[in-house]
Amino acid sequence: MAEAPGRFGGETIFALASGQGRAGVAVLRVSGPRAREAVEALAGVVAEPRRAVLRTLRDPTSGEALDRALVLRFCAPASYTGEEAAELHVHGGRAVIAAVADALLRAAPGVRPAEAGEFTRRAFLNGKLDLTAAEGVADLVAAETAAQRRQALAQVDGRLAHCVAGWVERLTHALALAEAAIDFADDGVGEQAEAEALGDAAAVAAEMGAALVGAGRAERVRDGVRVAIIGAPNAGKSSLLNRLAGRDAAIVSARAGTTRDVIEVRMDLGGQAVTLADTAGLRQTEDDIEAEGVRRALAWAGEAELRLAVFDGLSLGPDAGTVAALSQGGRRWIGVATRCDLGRRLGTVLGEEVTSVSSVTGAGLDAVLAALTDAVGALAGETSGAVLTRARHRAAVEEAVAAISRAGDAGLPELRAEALRGALRAIGRLTGRVDVEDLLDVVFRSFCIGK
């Protein structure tokens with residue numbers, strides 16, 4: 001018998017929750033009021049929840065055997081989504097997955113394929129996750145490095161949510177004091193209550209400020225550090241990129257100006273995600289296409305957190321274009337002098353030592369990798385306390401800090417109380433407790449189908 005329609009409608013959804021392509025096992029997840037009915041239409045009665053049973057899955061219309069699979073069901077609210085749910089662990093061939101998915105569509109009324117992020121959205125709407133934990137799930141699925149995995153798992157486990165809950169509790173207390181100062185102004189307690197309220201709020205603002213300091217590092221852990229390789233044409237940038245990447249990612253030629261667009265390579269350096277970009281050689285040129293490449297190179301370098309400046313080690317001095325680029329933006333840079341196997345002449349640039357390397361013999365590459373790893377670690381690293389991993393986290397906290405500052409500067413008790421309410425609303429948006437509907441599509445659209 002079908003379960004009664006759930007809190008958020010009567011539709012039952014399903015999707016492949018494991019990776020695409022051929023595999024030993026594939027997992028099809030089902031969630032919604034008719035999840036048990038749909039699964040039992042294929043597998044027969046599955047009475048005991050949370051226990052895997054081996055069953056032959058059959059087409060509900062023809063009775064044809066589709067696969068031998070492990071079947072699990074979960075009772076609401078003790079499931080990922082908080083709804084009636086089930087999983088089918090089938091063999092991972094595409095024909096098997098397609099046949100079982102087609103059978104599920106016909107297994108019960110109202111069963112349909114899930115949209116991107118819909119399982120986790122239902123978990124949020126059913127109170128199984130807050131928004132920060134939901135975002136942590138998305139980050140955990142997308143994690144490429146150990147640092148990303150650790151940061152995402154901490155967010156799923158409620159590290160940020162726990163800190164936000166503390167801020168909300170203390171700001172709520174401060175607001176109560178501010179309201180009391182208004183209501184009991186004639187009783188002689190107003191000034192004392194207001195002073196305590198503003199002191200408590202200022203202490204919360206100081207903690208938020210500390211979290212904002214570490215926000216850039218946490219965002220770089222999540223998104224990766226951008227490293228631009230810049231230098232004059234034919235300085236050896238592409239050869240260096242290929243050596244660092246361990247593959248032929250860029251075309252190498254003795255002809256100057258071969259690289260005309262930005263070539264990006266994703267790497268893991270010391271457990272941190274890095275996007276290493278080879279760029280067009282920096283020089284004045286009459287060639288329109290090459291000039292556009294130079295413009296893109298400068299733009300990418302201007303946005304990168306780190307620059308790897310490559311100089312021809314046989315030159316009598318550094319090229320003017322690269323020196324000019326390094327002089328702008330104040331970004332950290334690491335200097336490399338190439339072709340040390342042919343003789344080393346260039347040793348310092350702008351008063352900084354450069355590392356001599358040879359992309360032919362590999363000499364000096366370990367030193368460059370070590371310097372890169374250290375620099376990346378300094379830019380992106382794990383922090384203690386609240387970890388603001390996204391721009392929306394940072395924006396909400398900045399808004400709350402600004403509201404608390406307004407409370408301190410306000411001339412009337414009513415304005416101070418309203419500013420504290422604004423701070424609470426801003427922080428509430430972090431976990432989804434306040435003004436959440438306009439955030440949902442932004443939060444969940446990045447999910448893959450089946451999560």
Side-chain angles (χ1 to χ4, degrees), residues 138-139 141-149 151-152 216-253 255-283 285 289-311 321-322 325-326 328-329 331-336 338 355 357 359 365 368-381 389-391 446 448:
D139 291 344
V141 171
E144 299 174 294
T145 68
Q148 289 174 329
R149 171 184 56 78
Q151 181 169 284
R217 292 170 62 87
E219 288 182 48
R220 283 190 285 269
V221 170
R222 178 179 176 269
D223 299 330
V225 176
R226 292 158 59 91
V227 181
I229 302 178
I230 62 173
N234 233 16
K237 301 184 299 298
S238 298
S239 297
L240 182 61
L241 173 74
N242 291 343
R243 269 290 193 167
L244 294 174
R247 62 186 178 88
D248 291 335
I251 297 173
V252 175
S253 170
R255 178 181 174 183
T258 299
T259 301
R260 297 193 172 196
D261 206 347
V262 178
I263 299 172
E264 299 181 8
V265 173
R266 196 74 166 173
M267 296 178 63
D268 181 338
L269 284 180
Q272 299 288 354
V274 171
T275 299
L276 192 62
D278 182 22
T279 62
L282 304 180
R283 68 173 175 180
T285 177
I289 297 177
E290 187 179 356
E292 174 62 17
V294 172
R295 187 196 67 78
R296 294 186 184 189
L298 292 172
W300 214 99
E303 295 175 358
E305 290 85 13
L306 183 64
R307 298 167 181 173
L308 193 60
V310 179
F311 302 96
T322 305
L326 293 176
Q328 298 174 0
R331 303 282 184 171
R332 183 170 179 178
W333 61 278
I334 297 171
V336 175
T338 59
T355 302
V357 303
S359 296
L365 288 173
V368 173
L369 276 172
L372 271 175
T373 302
D374 289 344
V376 167
L379 288 165
T389 63
R390 294 172 181 247
S446 64
C448 58

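Numbering of residues begins at 1 and proceeds along the displayed sequence.
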* So among Asp278, Leu308, Leu276, which one has a side-chain contact (heavy atoms from CB on, under 4.5 Å) with Leu240? -> Leu308
* Donor-acceptor pair, side chain of Gln151 and main chain of Val221, under 3.5 angstrom -> no
* Asked: When you look at Leu269 and Val225, which way does the side chain to side chain contact (heavy atoms under 4.5 Å, CB included) test go after all the steps?
  -> CA-CA 10 Å; Leu269 284 180; Val225 176; over 6 Å; no
* Asked: Ignoring hydrogens and geometry, is there a side-chain-to-backbone donor-acceptor pair from Glu264 to Ala277 under 3.5 Å?
  -> no
* **Minimal non-hydrogen separation, Ala325 against Leu298, with atom names** => CB-CD2, 4.1 Å
* With sequence neighbours excluded, what pairs up with Arg266 under the side-chain contact (heavy atoms from CB on, under 4.5 Å) test? -> Glu144, Gln148, Ala273, Thr275
* Asked: Does Phe311 offer a backbone N or O that forms a donor-acceptor pair with the side chain of Thr338 under 3.5 Å?
  -> yes
* Nearest heavy atoms of Gly377 and Arg217, plus distance in Å -> O-NH2, 3.9 Å
* **Pair Asp139 + Arg149, salt bridge at N-O below 4.0 Å** => no
* Determine whether Leu326 and Arg307 make a side-chain contact, defined as any pair of heavy atoms from C-beta on separated by less than 4.5 Å. => yes
* Would you check if the side chain of Gln272 reaches a backbone N or O of Ala380 as a donor-acceptor pair within less than 3.5 Å? => yes
* Structure fact -> Output for pair (Leu244 CG, Ser359 OG), nearest 0.5 Å, gives 7.5 Å
* **Any residue meeting side-chain contact (heavy atoms from CB on, under 4.5 Å) with Ala228, in chain and number order, not counting sequence neighbours** => Ile230, Trp300, Ala301, Ala304
* Asked: Where do Gly231 and Thr322 come nearest, in terms of heavy atoms and distance?
  -> CA-OG1, 3.2 Å
* To do: Could you verify whether a donor N or O on one side chain and an acceptor N or O on the other, from Thr145 and Asp268, lie under 3.5 Å apart?
  => no
* **side-chain hydrogen bond (donor to acceptor under 3.5 Å, both in side chains) against Thr285, all qualifying residues, sequence neighbours excluded** => Glu290
* **Set of residues satisfying salt bridge (charged side-chain N to carboxylate O under 4.0 Å, His left out) with respect to Glu219, sequence neighbours excluded** => Arg394
* Asked: Do Val294 and Thr279 pass the side chain to side chain contact (heavy atoms under 4.5 Å, CB included) test, and can you show the C-alpha distance, the side-chain angles, and the key distance before you say yes or no?
  -> CA-CA 8 Å; Val294 172; Thr279 62; over 6 Å; no
* Structure fact -> Those residues at least two apart in sequence (or on a different chain) that pass side-chain contact (heavy atoms from CB on, under 4.5 Å) with Ala375 are Leu306, Arg332, Ile334
* Asked: CG of Leu282 to CZ of Arg295: how many Å apart, nearest 0.5 Å?
  -> 13.5 Å
* Residues in side-chain hydrogen bond (donor to acceptor under 3.5 Å, both in side chains) contact with Arg243, at least two apart in sequence or another chain -> none
